[in-house]
Amino acid sequence: MSKPAKRVLLAKPRGYCAGVDRAVVTVEKALELYGPPVYVRKQIVHNKHVVSTLESKGAVFVEENEEVPPGSIVVFSAHGVAPVVHEEARERGLKAIDATCPLVTKVHAEARRFAAADYDILLIGHDGHEEVIGTTGEAPDHIKLVDGVADVDSVEVRDPEKVVWLSQTTLSVDETMDTVSALKRRFPLLQAPPSDDICYATQNRQQVVKQIAEECDLVLVVGSTNSSNSVRLVEVALQAGAAASHLVDYASEIEDAWLDAATTVGVTSGASVPDDLVQGVLDRLAEHGFTDVTEIESVKEKLTFSLPRELVKDMKAAAAS
């Protein structure tokens, strides 16, 4: 009997979303316009390869504004920052370029609006994640973090008739809705945000993985361990029926033992992953006989975001001079 053909189901959409592309290009354009060094507060996006590539071009990554020399250029990451971070930058005389993803900015605006109306805001997200820290900073007296269903029973609010939920943009859609359902059982008048907080790219990448997972002996997710949306893709693959799933930054991290018993391998990547890393994984799989690659597309993505206003203004001025 002949052996089953080895094949790859390549998920699409995968990789860079509009917010990540905007943030990375922001740093690249800032380096071209102002020259190095350009300081970046936190990782611009959660991907090891992207950060090291930008470092090689002259970007300097720091944890806080106080590490940036007064008067320097600083870029705020795609995950968003609290208002106090903007204030700290002004106090140090920094030229701040805000690369926050517009979808995160939308959640910040929702937090401010509901806080102004004196709601208790239940923010569904992961404790310590940069996006959660930034959103909480918009209305710290009104926001209570709910880190999954396990936190629901301990939530206390001032008025159960004035409660709304918001969420981190990069969560698992299914797990978020499980948390929302549990919150609604406790607070029947819980309001939802006016539009879905979980970003389109996170949802789309999870949806196509759900489509292919049941056919896969293994799903490889290209992404870094501090990338929330990448970690969620591994979880979604397993929940949707994949026999196994692993997160890798590079093709070199793929273990031969993972491939030995596999005939169908799914491949996807998190929203902060450049596609050349995915190509490296496909090349590695081809070396093991996985040469039949079929791209499975669930939805076409067309959204793009303009660059930060501060940067565009200076680019236009430079072009005119």
Side-chain angles (χ1 to χ4, degrees), residues 11-31 38 40-51 53-54 59 61 74-82 85-86 96-111 123-126 129-135 137-138 166-173 176 193 195-208 221-224 226-233 268-275 277-278 298-312 315:
K12 185 178 181 180
R14 62 182 180 274
Y16 271 15
C17 63
V20 164
D21 186 60
R22 173 182 186 263
V24 174
V25 172
T26 293
V27 178
E28 292 173 340
K29 293 294 186 184
L31 285 164
V38 166
V40 184
R41 184 184 179 277
K42 308 291 186 182
Q43 292 190 357
I44 186 67
V45 296
H46 286 159
N47 184 264
K48 189 185 300 184
H49 178 76
V50 170
V51 169
T53 300
L54 291 173
F61 290 87
V74 64
V75 179
F76 296 146
S77 81
H79 309 102
V81 298
V85 175
H86 288 278
I97 300 172
D98 191 354
T100 300
C101 173
L103 299 180
V104 175
T105 300
K106 176 181 76 73
V107 179
H108 284 209
E110 291 170 351
L123 177 60
I124 301 170
H126 296 305
H129 191 279
E130 287 161 38
E131 185 183 328
V132 167
I133 293 170
T135 302
E138 293 287 354
L166 303 178
S167 82
Q168 181 181 329
T169 63
T170 54
L171 301 180
S172 158
V173 178
T176 300
S195 61
D196 195 352
D197 282 349
I198 297 176
C199 95
Y200 78 96
T202 297
Q203 296 186 55
N204 291 346
R205 281 149 189 71
Q206 290 176 14
Q207 185 57 45
V208 68
V221 178
V222 187
S224 295
N226 65 336
S227 166
S228 179
N229 76 88
S230 298
V231 172
R232 299 289 85 72
L233 286 171
T268 189
S269 57
S272 52
V273 177
D275 215 44
L277 297 183
V278 176
S298 62
V299 63
K300 293 187 183 296
E301 292 183 348
K302 299 179 180 178
L303 185 64
T304 58
F305 293 130
S306 59
L307 293 173
R309 293 190 306 272
E310 313 92 332
L311 181 61
V312 170
M315 289 170 64

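Residue numbers count from 1 along this sequence.
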Check whether [X] reaches the backbone of [Y] with its side chain - one donor and one acceptor, N or O, closer than 3.5 Å.
X	Y	result
S77	H79	yes
S272	H46	yes
Q43	V51	no
S224	K48	yes

Taking atom NZ of K29 as the centre, does the number of heavy atoms from other residues, nucleotides or ligands within less than 6.0 Å exceed 12?
-> no
Check the side chains of T26 and R22 for a donor-acceptor pair under 3.5 angstrom, ignoring hydrogens and angles.
->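 Per modelled atom types, R22 and T26 side chains form no pair under 3.5 Å.
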How long is the gap from [atom1] on [X] to [atom2] on [Y], to the nearest 0.5 Å?
X	Y	atom1	atom2	answer
Q168	H126	CD	NE2	5.5 Å
T170	R205	OG1	CZ	12.5 Å
T169	L103	OG1	CG	7.0 Å
S227	L233	OG	CG	8.0 Å
C101	E131	SG	CD	8.0 Å
E301	N204	CD	CG	4.5 Å

Quick check: closest heavy atoms across [X] and [Y], and the distance to 0.1 Å?
X	Y	answer
T100	V81	OG1-N, 4.2 Å
L54	L31	O-CD1, 4.3 Å
L166	V107	CD1-O, 4.1 Å
L277	H49	CD1-CB, 3.7 Å
A11	V208	CB-CG1, 3.6 Å
P13	V299	CD-O, 3.5 Å

Residue among V222, N47, V221 satisfying side-chain contact (heavy atoms from CB on, under 4.5 Å) with S269 |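 In the set V222, N47, V221, the residue that makes a side-chain contact (heavy atoms from CB on, under 4.5 Å) with S269 is V222.
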Determine, stepwise, if the pair R14 / D275 fulfils salt bridge (charged side-chain N to carboxylate O under 4.0 Å, His left out).
-> CA-CA 8 Å; R14 62 182 180 274; D275 215 44; 3.1 Å; yes
For F61 and I44, run side-chain contact (heavy atoms from CB on, under 4.5 Å): C-alpha distance rounded to whole Å, both residues' side-chain angles, the deciding distance at 0.1 Å, then the answer.
-> CA-CA 8 Å; F61 290 87; I44 186 67; 4.1 Å; yes
Is the closest basic N to carboxylate O distance between R41 and E130 below 4.0 Å?
->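 A salt bridge is absent here (no side-chain N lies under 4.0 Å from a carboxylate O).
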